[in-house]
There are 2 protein chains.
Amino acid sequence: MPAGRLTVVEDPADPRLADYTSLTDVALRRRLEPAEGLFMAEGEKVIRRALDAGYPMRSMLLTPRWVEAMADLIARADAPVHVVSPELAEAVTGYHVHRGALAAMGRRPLPDAASLLAGARRVVVLEAVNDHTNIGSVFRCAAALGMDAVLLSPDCADPLYRRSVKVSMGAVFALPYARLAGWPGGLTEVTGAGFRLLALTPDPAAVDLADAVAEATSGANGGANGGANGGANGGANGGANGGANGEAGGARLALMLGAEGDGLTRRALAAADRWVRIPMAHGIDSLNVAAAAAVACYALTQGPPASAR
Amino acid sequence: MPAGRLTVVEDPADPRLADYTSLTDVALRRRLEPAEGLFMAEGEKVIRRALDAGYPMRSMLLTPRWVEAMADLIARADAPVHVVSPELAEAVTGYHVHRGALAAMGRRPLPDAASLLAGARRVVVLEAVNDHTNIGSVFRCAAALGMDAVLLSPDCADPLYRRSVKVSMGAVFALPYARLAGWPGGLTEVTGAGFRLLALTPDPAAVDLADAVAEATSGANGGANGGANGGANGGANGGANGGANGEAGGARLALMLGAEGDGLTRRALAAADRWVRIPMAHGIDSLNVAAAAAVACYALTQGPPASAR
């Protein structure tokens, strides 16, 4: 252990454990975490992904069996490691510590929306998604299926809340995100960067998702939004992202998703360029948010179907 | 109330409530439910869907506020209705009764795989999925996205178990399913009906899902499996299903999915015609089972992407 500092802690009131106390109080953490600039990563895999993404580690709370398994990570992290019994971990945090490993990580300033948008071609825009499980699910789908970034309305929940981090399997570290300054006014930042806003809705007036993607990628969108985009396209990430998504067409597409149940608000729908829906069969009228996000992200990154064209 | 028989029940040991007792004992219900030929539908919407699908109702357990809201359904069902307090409902069932309405429904004999396959063009084949939530999620995605049927390996869990019914939002009633007699031997029924078996796997040797669908629907599969299919295609459901999926190509495709975590077994993979994978980005190596099923069902029913062809 050249770098990590291992200490065995046996008192749940030990002040070195302050980052880990009473994690189940959602309201409190929501308030405190951004202010104190920390978040929790849980389980070896997720902690590793947080470090890989460049987040600084403040400390780890490990049960003894994980000290050996995570030796390389302890060495690399250069942060205090508090070794505690599973019982003490539960007493301190207020819940059963999944996989016996928790890390308190430091936050970093969020990028602004403009710089994220400059280097992206496919983004997700979330409105008022304040369920932490759903935020995590959407990030996992969006990252896996090749979206470039996520934009959050001001009232979306924190993607780095413990539950979101866990459900996303660390995808919240892999996919860059920013918060829009206003709603729906902040959407002008997205359209100003040349993105076409596709609002996902079950409304019968919406067009088939695949048709909307085909329309946008066939160049029909070039005239309307193309002009605003000229200068912004040379950003730092433009090269890498452009290459990955180039085959899905030149248009820049933003997929707007609302909260499970309520969906997008009227004002968000009014701001969209197109309402799109996933065609459904067998009398089923909806998918859960993870499944709907997965289908829509797949359609946007893989391009429209060849059939029926 | 012309048909329904309403009785107020105040004793949790009342023998008329026998169908509803101790519902939380999963192992017991797994054993008992198929043998006794009943299953539980929970909440007005799901109960309505079960009736619409033609399942006979044995009885309902309702809290008073639902008696009025469900008056038409009570009249239509022609079954005893036991009106109980929320507290009694919980005492009898052992859990909080979601939306104050439970129905004990009679099962019907499952169709055999051959008759289901005769009228289908896109099916899901599940291997050893024994998590009730995942079974329900897969049915919801498969039904919504236009698959025609589900085939279960002998060791898959019961789609009519309470939790599966609830998670599926009633899709287990909308999408016909059958159980294969053996595994993986039963897959010869599927290939014998002219289906190409596409096994979903993260294996790097697998081909891109969209490429496999394009290959199959472009007619490359016609020679290999087309012959066996001639006579079977005129089944009872052929017209309706054929029309709905016709635009996605003439090939018959079966999507094989394994359990979350383990995935398909080696022997299932060995029996497949093609291994297919969902391309992933940002270092994410998997999707949850509902998201993966949704993407794969969408790709199969919507056809391959036009881009990169």
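Small disclaimer: the values here were computed from a predicted structure and weren't measured. By convention in this document, chain letters (A, B, ...) are assigned in the order of the sequence lines, proteins followed by strands, and residues within each chain are numbered from 1.
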Engineer: Is R252(B) salt-bridged to D148(B), cutoff N-O under 4.0 Å?
Structural biologist: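 Here R252(B) does not pair with D148(B) in a salt bridge, since their nearest N and O are not under 4.0 Å apart.
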
Engineer: Under a plain distance cut-off of 3.5 Å, with no hydrogens placed, do R277(A) and T201(A) share a side-chain donor-acceptor pair?
Structural biologist: no

Engineer: Output yes when D158(B) and R179(B) qualify as a salt bridge under the 4.0 Å nitrogen-oxygen rule, no when they do not.
Structural biologist: no

Engineer: So, Y161(A) versus F39(A), ring centres under 6.0 angstrom or not?
Structural biologist: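 No - the distance between ring centres of Y161(A) and F39(A) does not fall below the 6.0 Å cut-off.
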
Engineer: Sort by residue number and list every residue of residues 287-295 of chain A having at least one heavy atom under 4.5 Å from chain B.
Structural biologist: L287(A), N288(A), A290(A), A291(A), A294(A), V295(A)

Engineer: Do R163(A) and E42(A) sit within salt-bridge range, that is, some charged N less than 4.0 Å from a carboxylate O?
Structural biologist: no

Engineer: Quick one: do D285(A) and R49(B) make a salt bridge, cutoff under 4.0 Å?
Structural biologist: yes

Engineer: Measure S286(B) against the heavy atoms of chain A and call it side chain, backbone, both or neither at under 4.5 Å.
Structural biologist: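 Its backbone and side chain both get close to chain A.
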
Engineer: Counting heavy-atom pairs under 4.5 Å to chain A, which of A281(B), A144(B), G170(B) comes out on top?
Structural biologist: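 When all of A281(B), A144(B), G170(B) are compared, A144(B) has the most.
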
Engineer: Is the shortest side-chain N to carboxylate O distance from D72(B) to R48(B) below 4.0 Å?
Structural biologist: yes

